[in-house]
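Structure first, commentary second.
Just so it is clear, the model here is predicted, and its values are computed rather than measured. These numbers come from the heavy atoms of this one structure, side chains and all, not from hydrogens, waters or symmetry mates.
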Amino acid sequence: MATRRFAPGYILSLTAALAVGIILVVLALPRTAAGLAELHGTLTINELRGGAPVSDAAIKSAMQSFNAANGWVDAAPRWSAMARLHYARALLADSNSADRETGLRRSQDASRRAIALNPALPEPWLRLAQSEFALNRVSPQMIRALAMAYRTGRYNRFTVFAMSELAFVAWAKLDSETRKAAGEQLAFAVVQRTSRLVAISARLHASPIVRRALRHQPKLLAKFDRAVKNHPRG
C-alpha cells in the first residue's frame with residue numbers, strides 16, 4: 001500500500017491553522033472564565049434593578065463574583081456593577097456613619113474606573129452623581145456627573161427614574177442642555193412607568209417640572225395627570 005505524501009505547503013498551512021486555533025482558544029479562555037465568574041453577581045444586580053431587597057451578605061458575595069471576573073478581564077460594566085453594589089451597601093448602613101461614607105467613596109472609585117474604561121456608559125455616571133449627592137448634596141461635581149449621565153443614556157430604562165430624581169432636586173442649577181435632555185427623558189419615564197414618576201415627582205414637589213416638559217405632548221400629559229389624580233396623598 002502506497003504511503004500518502006503531503007505537499008510541504010499543505011503541511012505548513014495545516015500547522016498555521018492549528019496554531020491560530022490554539023491561540024484563539026487561549027485568548028477566549030479568560031473571557032469565558034470571567035463570564036462564568038460574574039454570573040452570581042449579575043443575578044444580584046438584576047435584583048437591585050428590579051427593586052428587590054438585597055442583604056449585605058448577598059451584596060458582599062456579588063462583589064466577590066465581580067472581583068473574580070475582573071481578575072480575568074478588567075471590564076467597564078463590571079466596575080459599574082461594583083459601583084452599584086457599593087452604593088447599595090452604603091444605603092444599608094446607618095446615616096452619617098463611617099460605613100456609609102466608606103461605601104459611597106468606594107462607589108465613586110468604582111464608577112471612575114468604569115468611566116476610565118468606557119466613558120459612554122450611563123450607569124457609572126449616574127452612580128457618581130448619586131454618591132456625590134449623598135455626600136455633598138447638590139455640588140458642581142454632582143451636576144457634572146448627572147449631565148454626563150444624560151449625555152450618555154437618557155433613554156436607559158435602568159437609570160431613568162434615578163436620573164429624574166436627581167434632576168428634580170438639582171433643577172435650578174442644571175444648564176439648559178441638561179434640562180432639555182431631562183425634559184425629553186421625563187416623556188420616556190411616563191411611557192415606561194407613569195406611577196413611579198408620579199410618586200417621585202409628588203415626593204419632591206416636582207409635578208410642575210413634569211407638566212412643563214410634557215406641554216407639547218398632550219397624550220402623555222393627560223396620562224401623567226390621570227396618574228396624579230389616582231396617586232394616594234399623604
Just wondering, more than 12 heavy atoms not from [X] lying within 6.0 Å of its [atom1]?
| X | atom1 | answer |
| --- | --- | --- |
| R215 | CZ | yes |
| D175 | CG | yes |
| R154 | CZ | yes |

Quick one: pull up [atom1] in [X] and [atom2] in [Y] and give me the separation to the nearest 0.5 Å.
| X | Y | atom1 | atom2 | answer |
| --- | --- | --- | --- | --- |
| L146 | Q141 | CG | CD | 13.0 Å |
| F188 | M163 | CZ | CE | 10.0 Å |
| R84 | L48 | CZ | CG | 4.5 Å |
| L117 | R78 | CG | CZ | 10.5 Å |
| L85 | D56 | CG | CG | 11.0 Å |
| L220 | L186 | CG | CG | 11.0 Å |

Are [X] and [Y] in one and the same hydrophobic cluster, where Ile, Leu, Val, Met, Phe, Trp and Tyr link if side-chain heavy atoms are under 4.5 Å apart?
| X | Y | answer |
| --- | --- | --- |
| L104 | L166 | no |
| Y87 | L92 | no |
| F161 | F224 | yes |
| L174 | M142 | yes |
| L135 | V138 | no |

Would you say the side-chain atoms of [X] and [Y] include a donor-acceptor pair closer than 3.5 Å?
| X | Y | result |
| --- | --- | --- |
| Q185 | Y150 | yes |
| T102 | D99 | no |
| Q108 | S131 | no |

Please tell me if the side chains of [X] and [Y] come closer than 4.5 Å, counting only heavy atoms from C-beta onward.
| X | Y | result |
| --- | --- | --- |
| Q130 | E165 | no |
| F158 | L126 | no |
| L121 | I115 | no |
| S111 | W125 | no |
| N156 | V160 | no |
| V198 | R203 | no |

Charged N-O contact under 4.0 Å between [X] and [Y]:
| X | Y | result |
| --- | --- | --- |
| D109 | R112 | yes |
| E123 | R49 | yes |
| E132 | R137 | no |

Discussion item. I'd like to know whether R89 forms a side chain to side chain contact (heavy atoms under 4.5 Å, CB included) with M63, so could you lay out the CA-CA distance, the side-chain angles of the two residues, the decisive distance to 0.1 Å, and finally the verdict.
Written reply: CA-CA 10 Å; R89 196 176 186 202; M63 286 178 177; 4.2 Å; yes
Which pair of non-hydrogen atoms, one from [X] and one from [Y], has the smallest distance, and what is that distance?
| X | Y | value |
| --- | --- | --- |
| R179 | W171 | NH2-O, 2.9 Å |
| S107 | R127 | OG-CG, 3.4 Å |
| V190 | K223 | O-NZ, 3.7 Å |
| A187 | L214 | CA-CD2, 3.7 Å |

Judged by atom type as modelled, is there a donor-acceptor pair below 3.5 Å linking the side chain of [X] to the main-chain atoms of [Y]?
| X | Y | result |
| --- | --- | --- |
| S201 | S207 | no |
| T152 | M148 | yes |
| S61 | A58 | no |
| S80 | A76 | no |
| N118 | A114 | no |
| R100 | L91 | yes |

Worksheet item: Under the side chain to side chain contact (heavy atoms under 4.5 Å, CB included) criterion, do K180 and E184 qualify, and how do the steps go?
Response: CA-CA 6 Å; K180 182 176 183 294; E184 292 170 356; 2.7 Å; yes
Discussion item. Checking F133 against S139 for the side chain to side chain contact (heavy atoms under 4.5 Å, CB included) test, could you report, in this order, the C-alpha distance in whole Å, the side-chain angles of both residues, the deciding distance, and whether it holds?
Written reply: CA-CA 7 Å; F133 179 73; S139 67; over 6 Å; no
